[in-house]
Structures are given as structure tokens and as C-alpha cells.
**Student:** 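There's a structure below that I have some questions on.
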Number of protein chains: 2
Amino acid sequence: MTAPQMAEIAALVGDPARANILSTLFDGRALTATELSYAARVTPQTASGHLAKMTQAGLLTVLKQGRHRYYRLATPLVAQMLESIMAVAASAPPRYRPRTAQEDRLRVARTCYDHFAGKLGVSIADALCERKHVILSDDGGEVTEAGLAFLKELGATFPAQTRRPFCKHCLDWTERRFHLSGVVGAAITSRCFDLGWVRRERNPRALQITPKGQEGFRRSFGFSI
Amino acid sequence: MTAPQMAEIAALVGDPARANILSTLFDGRALTATELSYAARVTPQTASGHLAKMTQAGLLTVLKQGRHRYYRLATPLVAQMLESIMAVAASAPPRYRPRTAQEDRLRVARTCYDHFAGKLGVSIADALCERKHVILSDDGGEVTEAGLAFLKELGATFPAQTRRPFCKHCLDWTERRFHLSGVVGAAITSRCFDLGWVRRERNPRALQITPKGQEGFRRSFGFSI
DNA sequence: CCGTTGCTTCGGGCGGGGCCGAAGCGTCGA
DNA sequence: TCGACGCTTCGGCCCCGCCCGAAGCAACGG
């Protein structure tokens, strides 16, 4: 049976402190053990234990750099797993959840692994579909010629060839609609950072849209946010 | 933060007994509480507690019928979550796992929610792609005209319209390749059962391919299994 | 009715695992 | 070389939650 192994992985995610850590690493960045202990609201030695377990189980990888140890999600597969658990968690309980300002900011714009999510991510996907720059089928997507031209004009660049899916959609768990992931999603996101259209907030997953970004998104994508 | 809710869901999956139950329900069938207690290897009263928790959390739904209570996965979203956890569990630990005969049978042919998976599922997907009956993009799929004709000839029927994705792929966690899901995957699977090409083993997730099936798959799809 | 069967609730035992204080180990900077 | 810092290991406390025995409830069948 495969159930025991599944239980083992799920149990790792099932602890609040560890869930906090994973959720903090969700956008793909690498953070030090101490930073993560702070995010998890436990002492460093406790966090250390959690990190060791998750690393051994293959959920995280660690990079030693000087006296720091940078932890990050081991593979995109792990991120996808977290996303799907969040999707169930968000949909399942019709239970009470007093929305916090924090959460509202996440709802507007955040990163999901390495691409935009939230209202911003969905708006971008909508805009590109609207103009036929991207054709989203029920389960994937492709970029049209016009779309490639648009990306070039925007200044978004991406590796010529890679094994990673080129254009992919990703179910947004707050908007309950699709945003873009894959190489294209990452390229657009990275470009917007470079243009200074978005900035990270103190909470590393939440994004702030700059005035320049407001203008840029309106002019290039045709939506206000 | 959404982490606590994620932890709650994951913790439910993280208990071995509950993981057994979920894994048993993974193919989408509905089973009674007692059957599930047997699958989980715990007493009925213990299982009852687990089932209540999972139902309350929205992972399961229950159908009362006489003095029986049939439990099943609440939504396909839950099945997808389990699949993605299994994918991580299968890939993550380079740890020792003495393959059992049981597992080997699962590797050959099983159902995943309501469509084929394992070697059989992947072979079917391959055959349909090979003949251009289905075009699989990196993240979705569509059925060609020729493909529709083929399905008709096979006798596979499906609802004219439904909100469910028509043709979808699903990463197979044993083969590490794609098999078909969505309406098309379910239709093919259902038809093969009707034709007597496959049969359920005692372990409800594992499938047995009948001699008639061997012949049928060879003639209709062009592969031997 | 009464017994059987399917399922649940209740109560208490017990083990696993999260948590922190203290201490140890390696790296960096002066 | 010495202290500061980041991180880990160790040991012990304590609590959560899994588990089962016993009993209660509801749905059949005779």
C-alpha cells in the first residue's frame, strides 16, 4: 500500500509550525533557519528540528552558505502539492473565517512559486486571453504569434528551451479562477519586478503594486488595479 | 494566514488510519463505514470517529441508505490533492521500499478516481496520441475529429455537455507520465468495464485485465499488456 | 415485539511528538 | 585568539489525539 507514505508526507504538512514554514517558502524563495523559526513562531531549536525532518523527507533542500543555511522547497511538485491542499482547505469548510487586512492584501497580489497570483495574476491572464495573446484550453494553454510579439515588446525574456512547461495555468485559490504559470508566467512576473511595477511587502508573499505599476498595467494590459 | 487551515486538512490526511481510508476511496467509489474500518485496520468505532472528522472538514460526503452509510470523497478536488501528495510521497524519499506483489499489480492497472491509471492508463494515452486521436499539450488535451469517431466506434459515450473538463491529463505517479482523465478518460474506462476488458480485483483499486481485454486493447489500441 | 446488524457516542488509558532550556559546534569578524 | 552569531543536538516536560471496551440508537427481519 502507498497509504503509509502518503500519511507520512501529509503528517509533515499537518503540523501548524511546519505548515507555516512551508507556506512561507511557498513562493519558491530560500530563507534561513532563523527567519523561518520566526515565521513559524517557535524557537530556533524547534524550527531546526522541523526543518531537518522535512529535509530528510525530501520536502525541502538546504544550501549552506557561510554560517547561514538557506532552506527552500525541494521541487515544484512540492509547491503543487501545497497548492492543492490549500485549494481543498479554501473550498472545503464553509466555516467562519474573519478576513484579516493581511489576507486581503494577499488577495490582491502575491507570488505563487515564481509567478503572479491573486487578483493581479487573474487579471493578467484575462487580459491576455481577451486579446488572443494566449489561448487557454480547459487544462493548459498556448501563446499565439501575437502573444509572442506582445511579450517581446514588454521586454519579457525566457530561456529558448527548457523542460519546464511553456505556458500553463494554475488554479488561483482565492479568486477561484486561472492565472498563468509556466515559463511565460515566470517571465512576465520577473519583467514586472524589473520594471518596478510591483514590490515585495514585508510579508514576502504579498506584493505591492506601485503607481508606476498601476499605469503600466493599465497601458500594457488594459486593466486597472 | 492560510497556513493553519492547510495544516488542518493535511493533519487529517496525515494519520495512517485516515490515509488508508482516503486511499481506499481514492477511485471515487462509495463504501460503508464498516468496510472502511476494515480497510483502515481499526475497530468500527475508531473508524467512525475518523469518518466524522473528515466529513465535517469537507473531505468526505456521506449518503444514508437504510442502516448503511456510504462514504465517498466529497469532490474531485480532494482526489487531486491526494494524487499530488502521493506524487510527492513517491518521488521524495530515495528510501528503501521493498516492492510488494500487491504494489506491482497496482503498477500495471488501477483506477484513479474514475479513469484508468498505471501502465494501462499510460498505454492508452500513448496510443491515442500516436494516432493523433488526442493532442496532448504540456498541460491539457483535446480530442480530434478522428478521435471522436474512434470513441464512437469503441462505443464510449459521454454527456453532451458538462462543466467537467472534457479531456485532461493526469500525472501518473507510478509511471511518471501522463494518462487521460476528464470526461474522455472516464468514458473510455467505463466502456472497458462494460466490454468486460477489465475487472476489479479484491483490492478495489487494482484492476485485472481479462483475456478478452488483452485482445481488445491489442485490436483497438494496438498495444499488448 | 425482540434479536441482529450497522453505526455512533462516551470515557479512560497510553504513547508519540511538539516544545523549550541548556549546551555544543562551526563560521565570521576584529 | 576570542567573542558573537547561526544553527544544531540533547534531555525532559507535557499535552494532544489515537485507540479500544462498553453502551446507546436506529433500521431492518421475522
Side-chain angles (χ1 to χ4, degrees), chain A residues 1 3-25 29-57 59-72 74 93 204, chain B residues 1 3-25 29-57 59-72 74 93 204:
Chain A
M1 279 306 257
Q5 305 158 48
M6 178 172 77
E8 205 173 319
I9 297 296
L12 285 174
V13 186
D15 173 79
R18 285 192 295 255
N20 273 325
I21 291 175
L22 290 170
S23 153
T24 303
L25 293 175
R29 286 170 320 129
L31 296 179
T32 68
T34 309
E35 287 173 311
L36 291 171
S37 81
Y38 185 74
R41 303 182 181 286
V42 292
T43 58
Q45 63 268 33
T46 299
S48 176
H50 288 313
L51 292 170
K53 277 184 193 176
M54 292 194 283
T55 303
Q56 177 150 28
L59 295 185
L60 304 180
T61 56
V62 57
L63 181 74
K64 296 171 78 163
Q65 218 166 76
R67 54 183 165 182
H68 297 278
R69 298 209 177 178
Y70 287 91
Y71 287 89
R72 61 185 310 166
Chain B
M1 279 303 258
Q5 306 158 48
M6 178 172 79
E8 205 173 319
I9 297 296
L12 285 174
V13 186
D15 174 80
R18 286 193 293 258
N20 274 325
I21 291 175
L22 289 170
S23 153
T24 304
L25 293 175
R29 288 170 319 131
L31 296 179
T32 67
T34 310
E35 288 173 311
L36 290 171
S37 79
Y38 185 75
R41 303 181 181 288
V42 291
T43 57
Q45 63 268 32
T46 299
S48 176
H50 288 313
L51 292 170
K53 277 183 194 175
M54 292 194 283
T55 304
Q56 178 150 27
L59 295 185
L60 304 181
T61 56
V62 58
L63 182 73
K64 296 170 77 161
Q65 219 165 74
R67 55 182 165 184
H68 297 277
R69 298 208 177 178
Y70 288 91
Y71 287 90
R72 60 184 311 166

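Values below: all heavy atoms of this structure, side chains included; hydrogens, waters and symmetry mates excluded. Residue numbers begin at 1 in each chain, while the letters A, B, ... track the order of the sequences. No experiment lies behind these values; they were computed from the predicted model shown.
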**Student:** For dC20(D), take OP1 and OP2 only and decide whether either is under 4.0 Å from a side-chain N or O of Thr43(B).
**Tutor:** yes
**Student:** Quick one: side chains of residues 45-53 of chain B, donor-acceptor pairs under 3.5 Å with protein atoms, not counting sequence neighbours, listed by atom name and distance.
**Tutor:**
from: Gln45(B); atom 1: OE1; to: Thr43(B); atom 2: OG1; distance (Å): 3.4
from: Thr46(B); atom 1: OG1; to: Thr43(B); atom 2: OG1; distance (Å): 3.0
from: His50(B); atom 1: ND1; to: Arg18(B); atom 2: NH1; distance (Å): 3.1

**Student:** Applying the side-chain contact (heavy atoms from CB on, under 4.5 Å) test to Tyr71(B), which of Val62(B), Leu59(B), Ile21(B) qualifies?
**Tutor:** Val62(B)
**Student:** Need one value for Thr32(B): base, sugar-phosphate or nothing, where a base atom within 4.0 Å counts as base even if backbone is also close, heavy atoms only.
**Tutor:** sugar-phosphate
**Student:** Between the protein and nucleotides 11-18 of chain C, list every N/O to N/O distance that falls short of 3.5 Å.
**Tutor:**
from: dG18(C); atom 1: OP1; to: Arg18(A); atom 2: NH1; distance (Å): 3.2
from: dG18(C); atom 1: OP1; to: Arg18(A); atom 2: NH2; distance (Å): 3.0
from: dG18(C); atom 1: OP2; to: Lys53(A); atom 2: NZ; distance (Å): 2.5

**Student:** Please report the interatomic distance CG(Leu31(A)) to NE2(His68(A)), rounded to the nearest 0.5 Å.
**Tutor:** 12.5 Å
**Student:** Any side-chain heavy-atom pair from Leu22(A) and Met54(A) closer than 4.5 angstrom?
**Tutor:** yes
**Student:** Return the polar atom pairs (N/O with N/O) between nucleotides 1-5 of chain C and the protein under 3.5 Å, or none.
**Tutor:**
from: dT5(C); atom 1: O2; to: Arg67(B); atom 2: NH1; distance (Å): 3.1

**Student:** One pair to check against side chain to side chain contact (heavy atoms under 4.5 Å, CB included): Ile9(B) and Val13(A). What are the steps and the verdict?
**Tutor:** CA-CA 9 Å; Ile9(B) 297 296; Val13(A) 186; over 6 Å; no
**Student:** Using a cut-off of strictly less than 4.0 Å, decide whether Tyr71(B) has a side-chain nitrogen or oxygen near OP1 or OP2 of dG6(C).
**Tutor:** no
**Student:** Identify whether any heavy atom of Tyr70(B) sits under 4.0 Å from a base atom; if not, whether one sits that close to sugar-phosphate; answer base, sugar-phosphate or nothing.
**Tutor:** nothing
**Student:** Just jot down the side-chain contact (heavy atoms from CB on, under 4.5 Å) partners of Tyr38(B), sequence neighbours excluded, or say none.
**Tutor:** none
**Student:** Report the nucleotide, chosen from dC20(D), dG6(D), dT8(D), that has the shortest atom-to-atom distance to any side-chain atom of Pro44(A).
**Tutor:** dT8(D)
**Student:** My understanding is that only residues two or more places apart in sequence, or in another chain, count here; which of them pass side chain to side chain donor-acceptor pair (under 3.5 Å) with Thr32(B)?
**Tutor:** Glu35(B)
**Student:** Applying side-chain contact (heavy atoms from CB on, under 4.5 Å) between Arg72(B) and each of Leu60(B), Leu63(B), Thr61(B), report the one that passes.
**Tutor:** Thr61(B)
